[in-house]
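Just below is one structure, and these are the notes that go with it.
Order of the sequence lines fixes the chain letters, A, B, ..., with proteins taken first and strands second; residue numbering starts at 1 for each chain. Because the structure is a prediction, the values reported are computed rather than measured.
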Amino acid sequence: MSERIALSALEDTPSLPLQACELSYVVGERTLINAVDLTLLPEVITVLMGPNGAGKSVLLQLLHGLRVPTRGQVLCAGQPLTTAHRLRQAMLFQQPVLLRRSVAANLDFVLKLRAPEDRHAERNRLLGDVGLLDKARQPARRLSGGEQQRLALARVLAVRPRVLFLDEPTANLDPASTALIENVVRRVHQAGTKVVFVSHDAAQGQRLADEVIFMNHGEVLEQTAAVHFFDAPTTRSARDYLAGKLVF
Amino acid sequence: MQDFGDAFALAGQLLVSFDPDLREIVGLSLRVSVTSVLIACLLGFPLGALIAVGRFPGRGLLHVFVSAMMGLPPVVVGLMVYLMLSNAGPLGSLQWLYSPAAMMIAQTVLITPIIAALTAQVVADLNREYHALFQSLCVPAHRRVAALLWDARFSLLTVALAGFGRAVAEVGAVMIVGGNIANLTRVMTTAIALETAKGELGLALALGMVLMLIAFAINAVLMVTRARAVERAYV
């Protein structure tokens, strides 16, 4: 892989639809993901829901290539997932991992990797999008929790991803930061990026989702339009989950 | 043999007057040790980072070897370098034996494993934190290493200063390969050993005080630097 990858050079790599084919992930005796088949289309925001330990984060990591499946494969536009595809994907983690540098330097790290034409302008645009332009020179790890997550979001957007995975990015954030992140996610989606969002929060799912994938015990129990899922979930687990009951 | 009072008085005189012999010995000590540390850092930082993040056959063995080399006895290092640089040795033609260059080589051999092993630990800890991010962004290996070394810079400063402390306080190896020749290879530690053996405690004490002063200064710089880094959450 070359040190810097010009964004224009990646434009021709088709990334979607994203498919999981008989995807399984086993650690020791435990099956964390069990024969998952699904297709993610570009037009919709997909929200992955389910109780703790359902396998949502693991599935996200498999789709992003951070874990190697035990069985099955991930396909991008019908082709097996490769580094070329992964370069057009990005993931926002629940706990933002920030470099021990300034806010601006955190963005520059990614922008240098992807070599956009005007790095300075791009950095300012991204910081403006997440409301951190006035904090560009501050140490990144001295920001508040919400600001750190917004910076992490700006950094993944610097990749100009075709597919954006978000793993419970607003867990533990204040409502203002949550709203800002949701708005940016909607804008990114409208601009043509496929969004796959993991959330525990049914209200957030209703605000964001066009499509819901409901998981439990490493299996996909439902993949349906958000309207149908929230109005009439077809599985008992999903009904219990939405009713606020404990789902095992 | 001077009594202690006279010895301290003479040491004070030498320090206040900035005695030329004292100045020369201190200057050479710093030149040899600082050069050795710089070379050891150039070798040890990348080697440590490679051990921490590299995935190659023999990595574990290399780590064990480098860690074991941390405990190398200085006189053994001195002997090895002596054999290499003596006329009968493979590097004899360089004629570096009993020169500052030989002392730099000995100190570099002595402290490179220390710097590499400590760097490996620091970088491995940071890599655990950054690993998923780097993987997600498909960061090439050499950029990962560069980023890890840069972000660990304040911890690596401590590592470098630990190496400097070891180098500047070293006596056995530099005595063997330098020969403790006046005005040529005499450094603080070898001079202290010689003057003490002769019973001339004034110069020995003055040099000892300078050595202590250097140690305090280094620690002060280190503490201030780290405090500023902690303030900015860079460590």
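- Judged by distance alone, the side chain of Tyr234(B) and the main-chain N or O of Ser102(A) form a donor-acceptor pair under 3.5 Å.
- Proximity of a side-chain donor or acceptor of Asp151(B) to a complementary backbone N or O of Leu99(A) within less than 3.5 Å is not detected.
- Counted within 6.0 Å of CZ on Arg187(A), heavy atoms from surrounding residues, nucleotides or ligands total more than 12; the atom is thus considered enclosed.
- Heavy-atom pairs under 4.5 Å with chain B peak, among Arg101(A), Gln61(A), Gln95(A), at Arg101(A).
- In this structure, chain A has no heavy atom under 4.5 Å from any part of Ala141(B).
- The distance from atom CZ of Phe109(A) to atom CZ of Phe134(B), rounded to the nearest 0.5 Å, is 4.5 Å.
- The SG atom of Cys138(B) sits 8.5 Å away from the CD atom of Gln89(A) when rounded to the nearest 0.5 Å.
- In plain terms, the two heavy atoms of Val235(B) and Arg100(A) that are nearest each other are C-NH1, 3.7 Å.
- No donor-acceptor distance shorter than 3.5 angstrom exists from the side chain of Arg232(B) to the backbone of Arg142(A), with no hydrogens or angles considered.
- In this structure, the side chains of Leu137(B) and Met91(A) stay at 4.5 Å or more apart for every pair of heavy atoms.
- In this structure, Arg59(B) places its CZ atom where more than 12 heavy-atom neighbours from other residues, nucleotides or ligands lie under 6.0 Å away.
- Within 6.0 Å of OH on Tyr130(B) lie more than 12 heavy atoms contributed by other residues, nucleotides or ligands.
- Side-chain atoms of Ser136(B) and Phe165(A), non-hydrogen and from C-beta on, never get closer than 4.5 Å to each other.
- Other residues, nucleotides and ligands place no more than 12 heavy atoms under 6.0 Å from the CZ atom of Phe216(B).
- Looking at Glu231(B) and Arg141(A), no side-chain N of the basic residue comes within less than 4.0 Å of a carboxylate O on the acidic one, giving no salt bridge.
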Stepwise, does the side chain to side chain contact (heavy atoms under 4.5 Å, CB included) test hold for Val97(A) with His131(B)?
CA-CA 9 Å; Val97(A) 181; His131(B) 182 70; over 6 Å; no
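- Both the backbone and the side chain of Ala147(B) come within contact range of chain A, with heavy atoms under 4.5 Å apart.
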